[in-house]
Colleague: 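One structure coming up, written as structure tokens, with questions to follow.
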Amino acid sequence: MPDKLPRVRFAPSPTGFLHVGNARTALYNWLFARHTGGAFLLRIEDTDLDRSEMRHETQLMEDLLWLRLDWDEGPGVEGPHAPYRQSERLGIYREHTDRLLAEGKAYRCFCTAEELEAERHEAAAAHRPQVYSGRCRAVSDTESVARAAAGEPFAVRLRIPDHPLRFHDLVRGAVEFPNETISDPILVRSSGMPVYNYVVTLDDALMEITHVIRGDDHISNTPKQVAIYEAFGWKPPEFAHLSTILGSDRERLSKRHGATSVASFRAMGILPEALVNYLALLGWGAEGGTRELFSLEELVHEFRIERVTASPAIFDWEKLHWLNRHYLKAADPERIAELAWSHFVSAGLLPSHNAIWQVTTASVEAWFGKLLALFLPAVNQLDELPVKAAFVFRFSPAAARANDENAALLATEASQKVLAAFAARVAAHSGPITPELFRAWMNEIKTETGAKGKDLFHPVRIALTGSHSGPEFDRFIPIVEEGSRLDLPVHVLSVRERIEQFMGGGR
Ligand code: GLU
């Protein structure tokens with residue numbers, strides 16, 4: 001009989017944003033399922049009722065779908081193992097606890113917090129491992145039932161077996177934990193709430209998960225979970241523990257390292273295909289290659305769990321930006337324009353696409369296309385665009401003059417002659433200024449003043465953009481000229497307005 005198709009799951013707790021580490025876990029599970037033709041489940045682990053929030057769950061699902069990681073079973077899709085939210089499965093857990101208690105695989109623990117604390121103190125003083133003594137193992141069944149019936153609070157603990165706990169890890173090979181180092185784990189707290197190790201195991205087993213692929217922060221939980229499988233007489237799944245992701249300082253990646261949530265990458269203007277490609281490379285590499293560019297479809301084809309490395313991965317912004325630049329260039333320009341537009345709206349530079357503006361949008365959109373063609377190649381992520389294009393929208397001639405570096409450049413006699421000659425031509429001309437006209441003027445000014453190269457172009461560039469370096473005249477002149485005729489939230493100064501204000505010492 002052929003082996004059953006793999007079934008994997010991503011099991012986030014909706015207590016915060018989906019961050020890089022968990023997104024990679026989701027991706028590897030999804031790739032594994034899609035590569036093998038198996039199933040990818042989404043299970044919401046919301047038994048921590050105080051910290052779980054619906055908005056996080058919603059955001060999490062949105063983030064997964066943004067990355068194009070869809071699930072075959074889970075909230076919104078449902079399936080044979082529903083419900084897929086742990087808070088809706090408490091009855092299932094209770095039945096299984098009753099079974100373990102009845103079979104003597106688990107026992108009620110009546111120890112109070114103070115008693116447990118005292119035990120830990122003693123163990124520490126005697127330099128013994130601080131594991132629970134198992135005192136309540138000795139409470140007889142009759143006594144246990146009677147005390148529970150009398151209302152005495154109790155937790156339910158699993159009897160850890162008298163042998164080492166072993167499992168096979170697809171990333172790390174054979175892993176073994178000596179049983180003496182493991183306390184009889186609590187399965188259900190005295191509040192009646194079952195704990196993570198217990199419910200994760202029950203659900204993985206009941207949902208017929210064949211491979212548990214998750215972060216290595218869970219590796220010390222795995223022996224306890226293996227013991228739970230054993231108590232029920234179930235065969236444990238395969239495990240794969242993914243290495244930690246570190247920041248460039250080799251510390252565990254955290255908020256201190258800047259943005260780490262998928263939502264924040266999205267807000268910055270990182271494309272989902274760039275992030276997916278990047279996350280895939282964080283701990284995995286294709287067979288025999290140095291290849292780094294992979295579409296999601298190519299990843300599905302190439303992904304093998306055996307190629308996942310056990311050594312920590314270091315988050316590398318430069319590489320993410322390199323990939324993002326690649327995908328910004330490769331993507332459909334209309335899609336990028338749409339995304340880029342919203343960054344200008346946030347910066348207050350472009351109108352949002354609403355009914356009132358609909359009349360002007362066609363011309364504004366055409367103009368925006370040219371603006372984007374000019375600035376897009378210069379950015380790593382879309383939110384850098386408004387800053388790169390700032391001189392188009394928020395040019396201050398006064399600030400351009402006041403800048404120290406500019407002031408030195410402008411102080412020379414050659415600069416003053418060039419600027420005067422340029423201003424005179426603008427004054428004598430009526431109508432729009434084209435790149436052709438501009439070039440003709442600059443040739444005349446060159447002959448007239450004898451200035452050439454930097455001496456000729458820098459002063460004019462400063463007067464029009466505020467800086468002596470930047471995009472070619474031919475490319476930005478049409479943008480400011482056309483922009484000045486559009487109805488925009490911020491008036492774009494034309495070449496004429498720029499030079500007039502600059503010469504007049506205006507704002
Ligand atoms: N809810 C757990 C977490 O988010 C799941 C861990 C697991 O995959 O078993 O860390």
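Indexing begins at 1, ligand by ligand and atom by atom, following the structure's order. Residue numbers run from 1 in the order of the sequence given.
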Colleague: Does Trp284 have its ring centroid less than 6.0 Å away from the ring centroid of Phe303?
Modeller: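 Yes, they do, as the ring centres are separated by less than 6.0 Å.
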Colleague: Mind checking whether Arg9 has an N or O less than 3.5 Å away from an N or O of ligand 1?
Modeller: yes
Colleague: Taking C-beta and beyond as the side chain, do Phe239 and Val175 meet within less than 4.5 Å on heavy atoms?
Modeller: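 Side chain of Phe239 against side chain of Val175, heavy atoms only: no contact under 4.5 Å found.
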Colleague: Go through ligand 1 atom by atom and flag the ones less than 4.0 Å from a non-hydrogen atom of Ser13.
Modeller: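 Those of ligand 1 that fall under 4.0 Å from Ser13 are 1 (N), 2 (C), 3 (C), 4 (O).
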Colleague: Which protein non-hydrogen atom lies closest to atom 3 (C) of ligand 1, naming both residue and atom, and how far is it?
Modeller: His218 NE2, 3.7 Å
Colleague: Measure the distances from the heavy atoms of Tyr196 to every atom of ligand 1 and state whether one is below 4.0 angstrom.
Modeller: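 Yes, Tyr196 has heavy atoms under 4.0 Å from ligand 1.
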Colleague: So Phe17 and His56, would you call those rings parallel, tilted or perpendicular, with 30° and 60° as cut-offs?
Modeller: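 Perpendicular.
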Colleague: Starting from atom 5 (C) of ligand 1, what is the nearest protein heavy atom, named by residue and atom, and what distance separates them?
Modeller: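 For this ligand atom, the closest protein heavy atom is Ala11 O, 3.1 Å.
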Colleague: Compare all side-chain heavy atoms of Val200 with those of His218 and state whether any distance is below 4.5 angstrom.
Modeller: no
Colleague: What I want to check is whether the side chains of Asp203 and Tyr84 have a donor and an acceptor closer together than 3.5 Å.
Modeller: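 The criterion, which ignores hydrogens and geometry beyond distance, is not satisfied for Tyr84 and Asp203.
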Colleague: Please determine which of Arg128, Arg120, Glu119, Glu122 meets the side chain to side chain donor-acceptor pair (under 3.5 Å) test together with Ser133.
Modeller: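 The passing option is Glu119.
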Colleague: For ligand 1, which atoms, with element, lie under 4.0 Å from some heavy atom of Val200?
Modeller: 9 (O)
Colleague: With a cut-off of 4.0 Å, which atoms of ligand 1 are near a heavy atom of Glu45?
Modeller: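 Numbered from 1, ligand 1 contributes 1 (N), 2 (C), 5 (C).
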